[in-house]
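Beneath this line is the structure, given in structure tokens, with notes to follow.
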Amino acid sequence: VQLQASGGGSVQTGGSLRLSCAASGFSLNGYAACWFRQAPGKEREGVSCESQSDGSPYYLYSVKGRFTLSRDNAKNTVYLQMDDLKPEDTAVYYCAAREEEGRSGSYYAFGYGMDYWGKGTLVTVSS
């Protein structure tokens, strides 16, 4: 059972990247799926979370309008499309999943009690 994150890299300001998080050994259907990030010297923060109880994903205020979380249930994969990247987006990005409890995405974005975590993928944005 694992989550495998990929898609990180180095881009210039204004560039785009798409992160992928592939689940194996379990189905993401029935799980809230989240992306977190941790920049050097900073605490981890919830970037985006999708709860199947919500109508739309939660987004961290600083990424709203630039990042989009999506799922492909057939591929058992969650994505984070990141557009108009800024240097302050530089961080290690992690995906995580938690079995649905009927809570909102904003709740899961705190990161408490996640059942599975993927290894991080580094995103570096240069000015």
Side-chain angles (χ1 to χ4, degrees):
V1 175
Q2 66 175 355
L3 293 173
Q4 182 69 48
S6 61
S10 297
V11 297
Q12 293 189 326
T13 298
S16 297
L17 286 171
R18 188 177 79 156
L19 306 183
S20 299
C21 177
S24 59
F26 74 105
S27 172
L28 280 170
N29 193 22
Y31 279 76
C34 297
W35 287 96
F36 298 87
R37 68 185 182 187
Q38 187 164 20
K42 295 188 177 180
E43 293 190 355
R44 184 187 69 202
E45 59 184 357
V47 175
S48 182
C49 282
E50 182 187 69
S51 165
Q52 292 171 329
S53 302
D54 282 341
S56 59
Y58 158 85
Y59 293 100
L60 182 68
Y61 181 80
S62 61
V63 308
K64 274 185 180 179
R66 301 188 297 120
F67 289 12
T68 304
L69 185 154
S70 62
R71 293 189 191 227
D72 185 333
N73 288 329
K75 293 184 177 179
N76 210 23
T77 298
V78 177
Y79 303 97
L80 186 69
Q81 177 67 40
M82 305 186 296
D83 298 317
D84 190 23
L85 283 160
K86 304 178 180 183
E88 52 263 42
D89 295 318
T90 294
V92 178
Y93 284 71
Y94 300 87
C95 60
R98 175 172 171 171
E99 192 168 7
E100 282 279 6
E101 296 179 345
R103 298 181 183 270
S104 67
S106 59
Y107 173 85
Y108 295 115
F110 285 105
Y112 301 138
M114 304 306 286
D115 294 310
Y116 305 111
W117 287 88
K119 292 184 179 179
T121 185
L122 177 63
V123 172
T124 304
V125 185
S126 58
S127 57

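Basis for what follows: all heavy atoms, side chains included, without hydrogens, waters or symmetry-related copies.
Phe67 and Tyr79 are assigned to two separate hydrophobic clusters, defined by single-linkage of ILVMFWY side chains at heavy-atom distances under 4.5 Å. There is no path of hydrophobic side-chain contacts, each under 4.5 Å, that joins Tyr94 to Tyr31. Hydrophobic clustering (side-chain heavy atoms under 4.5 Å, transitive across Ile, Leu, Val, Met, Phe, Trp, Tyr) keeps Tyr116 apart from Val92. Linking ILVMFWY residues whenever their side-chain heavy atoms come closer than 4.5 Å, directly or via other members, leaves Tyr58 and Met114 in distinct clusters.
Taking all atoms of both residues into account, the shortest heavy-atom contact from Ser20 to Trp35 is O-CH2, 3.6 Å. Annotation for Gly8 and Leu19: closest pair N-CD2, 3.6 Å, computed over non-hydrogen atoms.
Looking at Ser27 and Asn76, their side chains come closer than 4.5 Å, going by heavy atoms from C-beta outward. Counting only heavy atoms from C-beta outward, the side chains of Thr13 and Leu85 never approach each other to under 4.5 Å. Val123 is listed as a side-chain neighbour of Leu17, based on a closest heavy-atom distance under 4.5 Å. Asp115 has its side chain out of reach of Val1: every pair of non-hydrogen atoms, C-beta onward, lies at least 4.5 Å apart. Counting heavy atoms from C-beta outward, Cys21 and Gln4 have side chains that stay 4.5 Å or more apart. For the pair Arg71 and Thr77, the minimum side-chain heavy-atom distance is 4.5 Å or more. Side-chain contact check for Lys119 versus Gln2: every heavy-atom pair is 4.5 Å or farther apart. Residues Tyr93 and Met82 form a side-chain contact, since some pair of their non-hydrogen atoms from C-beta on lies under 4.5 Å apart.
Between Cys34 and Cys95, the gamma sulfurs sit at a distance of 2.5 angstrom or greater.
Between atom OG of residue Ser62 and atom CG of residue Asp89 there is a gap of 7.0 Å, rounded to the nearest 0.5 Å. Atom-to-atom distance recorded for Cys49:SG and Asp54:CG is 9.5 Å, nearest 0.5 angstrom. From Leu28, atom CG reaches atom CD of Glu99 across 12.0 Å, with rounding to the nearest 0.5 Å.
Ring-centre distance between Trp117 and Phe36: below the 6.0 Å cut-off. Taking the six-membered ring for Trp and the full ring otherwise, Tyr107 and Tyr112 have centroids separated by 6.0 Å or more.
Side-chain N or O atoms of Asp84 include none that pairs as donor or acceptor with a backbone N or O of Arg66 at under 3.5 Å. No donor-acceptor pair closer than 3.5 Å links the side chain of Ser48 to the backbone N or O of Leu69. Counting only distance, with no hydrogens or angles, the side chain of Thr121 and the backbone of Ser6 share no donor-acceptor pair below 3.5 Å.
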Worksheet entry | Candidate pair Ser51 and Ser104, rule side-chain contact (heavy atoms from CB on, under 4.5 Å), full reasoning | CA-CA 6 Å; Ser51 165; Ser104 67; 5.7 Å; no
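Side-chain contact annotation: Gln81 with Asp83, donor-acceptor N/O pair under 3.5 Å present. No hydrogens or angles considered: nothing links the side chains of Arg98 and Tyr108 as a donor-acceptor pair under 3.5 Å.
For the pairing with Arg37, the salt bridge (charged side-chain N to carboxylate O under 4.0 Å, His left out) check across Glu43, Glu45, Glu88 returns one residue only, Glu45.
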